[in-house]
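Remember, predicted model here, so these are calculated numbers, not experimental data. Convention: sequence-line order gives letters A, B, ...; per-chain numbering from 1.
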There are 2 protein chains.
Amino acid sequence: MIRMTKLADYGIVILTHMSMERQGSLHTAHDLAARSRVPVPTASKLLKSLTRAGLVLSHRGRHGGYGLARDPDTISVAEIIAAIEGPIGLTECGTGTEGACDMESFCAAKGRWAPINQAIERALQDVPLSAMRPQTPTGQMVRLGGIAEVAP
Amino acid sequence: MIRMTKLADYGIVILTHMSMERQGSLHTAHDLAARSRVPVPTASKLLKSLTRAGLVLSHRGRHGGYGLARDPDTISVAEIIAAIEGPIGLTECGTGTEGACDMESFCAAKGRWAPINQAIERALQDVPLSAMRPQTPTGQMVRLGGIAEVAP
DNA sequence: CCTATCGGGACCTTTTCGGTCCTGTTAGGC
DNA sequence: GCCTAACAGGACCGAAAAGGTCCCGATAGG
Ligand code: SF4
Ligand code: SF4
């Protein structure tokens with residue numbers, strides 16, 4: 001139902017937890033998994049993907065772990081999703097990859113999707129990771145895709 | 001990858017074909033399947049769903065068939081997708097249905113998705129079925145989610 | 001009455017998601 | 001210098017959903 005995969009969902013949850021800590025601090029995969037209640041191997045797999053995409057930095061060896069590569073305000077939900085499940089778009093066509101759909105050559109709607117897909121991607125780019133955190137109890141304003149909300 | 005199902009995709013293609021005909025005209029499932037190159041049983045299944053949702057009208061018996069229930073300008077892509085695959089939203093949470101995700105009770109991001117899902121739904125509501133047709137060779141203006149485009 | 005058409009499911013096959021595990025590799029600490 | 005806590009990469013597998021097929025019943029023209 002136009003769902004993103006749970007992997008991407010969990011990835012965002014994990015990064016959200018990470019964003020609630022002091023930036024630059026390291027967290028082990030085990031730690032993050034426990035906090036987000038995602039199974040450890042799954043969390044580990046996600047963190048690997050996110051590292052490869054450059055969204056988190058990893059440090060190996062003893063006292064190693066993962067940390068956000070950038071400020072949570074500059075990491076968009078779109079980037080996270082793209083890192084985990086690839087290009088964003090509702091259809092096979094119009095997302096850069098050609099020839100994915102075998103109806104392309106005679107499809108009446110082909111090409112009409114590109115602007116829609118881009119609009120959705122843009123909407124997700126406008127949501128920073130910092131907006132996914134639970135709202136602060138201070139009533140701090142949170143930007144969210146152009147929509148401003150105030151915590152109760 | 002945040003894909004809608006192919007069923008929904010095909011549904012839109014079929015409706016697009018239907019919208020290119022004189023409104024009110026009837027088309028058999030077989031006819032529409034041939035024109036859109038979707039397998040007949042699949043097209044039939046889709047048309048049934050669309051009928052149940054009230055987007056197309058059906059007429060049984062000899063010389064029966066399907067026809068659009070409303071003007072193509074007043075049918076949104078969002079409606080079509082919702083008719084075929086249910087509520088629109090990237091996540092289980094924040095789409096009306098409660099308790100779908102078993103992490104809801106302790107999820108850091110829960111609740112933060114509702115506005116995003118709504119934004120996407122709104123974007124799809126802004127795209128009328130008529131905008132999915134191949135552009136006319138006359139350079140006719142086509143509204144598309146707030147973006148105006150001109151055919152070459 | 002006969003037949004073309006829709007209506008509503010049951011059903012199966014294929015894909016992909018979600019999750020696990022194993023085998024390196026790195027780097028701090030003793 | 002070795003030991004061990006962490007990440008890296010990928011193979012693997014079960015379950016779920018998607019995608020497609022088929023059948024039988026209900027309608028309504030002719
Ligand atoms: S070419 Fe047509 S059928 Fe294929 S993905 Fe694009 S819109 Fe869908
Ligand atoms: S509650 Fe959290 S994990 Fe569940 S669907 Fe919502 S955001 Fe995703």
Side-chain angles (χ1 to χ4, degrees), chain A residues 1-14 18 25-34 36-67 69 81 83-86 90-92 100-103, chain B residues 1-14 18 25-34 36-67 69 81 83-86 90-92 100-103:
Chain A
M1 313 171 173
I2 311 199
R3 290 289 144 74
M4 66 177 155
T5 66
K6 288 203 175 185
L7 274 308
D9 193 345
Y10 295 165
I12 291 173
V13 171
I14 289 175
M18 226 188 281
S25 55
L26 290 183
H27 315 274
T28 89
H30 197 88
D31 177 22
L32 289 166
S36 56
R37 307 249 222 140
V38 171
V40 180
T42 301
S44 175
K45 176 192 247 183
L46 285 169
L47 287 163
K48 287 173 208 170
S49 298
L50 293 168
T51 302
R52 244 168 290 160
L55 294 180
V56 306
L57 299 175
S58 67
H59 199 219
R60 296 217 247 191
R62 224 154 187 281
H63 297 130
Y66 295 96
I81 296 175
I84 294 173
E85 40 181 50
L90 298 186
T91 55
E92 299 290 341
C101 172
D102 48 1
M103 301 183 72
Chain B
M1 314 172 173
I2 311 198
R3 290 290 145 72
M4 65 177 157
T5 65
K6 287 199 175 188
L7 273 308
D9 193 346
Y10 295 165
I12 291 173
V13 171
I14 289 175
M18 226 189 279
S25 55
L26 290 183
H27 314 273
T28 88
H30 196 88
D31 177 22
L32 289 167
S36 57
R37 307 249 222 138
V38 171
V40 179
T42 301
S44 176
K45 176 192 250 183
L46 284 170
L47 287 162
K48 287 173 206 170
S49 299
L50 293 168
T51 302
R52 244 169 291 160
L55 294 180
V56 306
L57 299 175
S58 68
H59 199 217
R60 295 216 248 193
R62 221 151 191 283
H63 296 131
Y66 295 96
I81 295 176
I84 295 174
E85 40 181 51
L90 299 187
T91 55
E92 300 290 342
C101 173
D102 48 3
M103 303 184 71

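- The interatomic distance linking A:L26 (CG) with C:dA27 (P) rounds to 13 Å, in whole Å.
- Atom-to-atom distance recorded for A:L7:CG and A:E85:CD is 8.0 Å, nearest 0.5 angstrom.
- The CG atom of B:L57 sits 11.5 Å away from atom OH of B:Y66, with the distance rounded to the nearest 0.5 Å.
- Rounded to whole Å, the distance from CZ on A:R37 to P on C:dG19 is 15 Å.
- Screening B:L47, B:V56, B:D9 for a side-chain contact (heavy atoms from CB on, under 4.5 Å) involving B:I14 leaves a single residue, B:L47.
- Considering only heavy atoms from C-beta on, A:L32 comes within 4.5 Å of A:M18 through its side chain.
- To the nearest 0.5 Å, atom CD of residue A:E92 and atom CE of residue B:M4 are 10.0 Å apart.
- How far CD1 of A:I2 is from CG of B:L90: 8.0 Å, rounded to the nearest 0.5 Å.
- The distance between atom CG of B:L46 and atom C1' of C:dG7, rounded to the nearest whole Å, is 14 Å.
- Across A:S58 and A:T51, no two heavy atoms sit closer than the pair OG-CG2, 3.8 Å.
- The line from OG of A:S25 to NE2 of A:H27 is 3.0 Å long, rounded to the nearest 0.5 Å.
- With a 4.5 Å cut-off on side-chain heavy atoms, A:L26 and A:H63 do not count as touching.
- For residues 50-63 of chain B, proximity to DNA chain C is found at B:T51, B:R52, B:S58, B:H59, B:R60, B:G61, B:R62, defined as any non-hydrogen atom under 4.0 angstrom from a strand atom.
- Rounded to whole Å, the distance from CG on B:D31 to C1' on C:dC6 is 15 Å.
- Atom CG in A:D9 sits roughly 16 Å away from atom C1' in C:dG19 (whole-Å rounding).
- Between B:V38 and A:M103 the shortest side-chain heavy-atom distance falls below 4.5 Å.
- A:L47 has its CG atom 17 Å from the P atom of C:dG18, to the nearest Å.
- Residue A:L32 contributes atom CG, which lies 12 Å from atom P of D:dA6 at whole-angstrom precision.
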Show me the protein contacts with nucleotides 15-17 of chain D, counting only N or O atoms at under 3.5 Å.
none

Review item, nucleotides 18-22 of chain D N/O atoms under 3.5 Å of protein N/O:
from   : atom 1 : to    : atom 2 : distance (Å)
D:dG19 : OP1    : B:K6  : N      : 3.2
D:dG19 : OP2    : B:K6  : N      : 3.0
D:dG20 : N7     : B:K45 : NZ     : 3.1
D:dG20 : O6     : B:K45 : NZ     : 2.8

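- The CZ atom of B:R3 lies 7.0 Å from the OG1 atom of A:T91; values are rounded to the nearest 0.5 Å.
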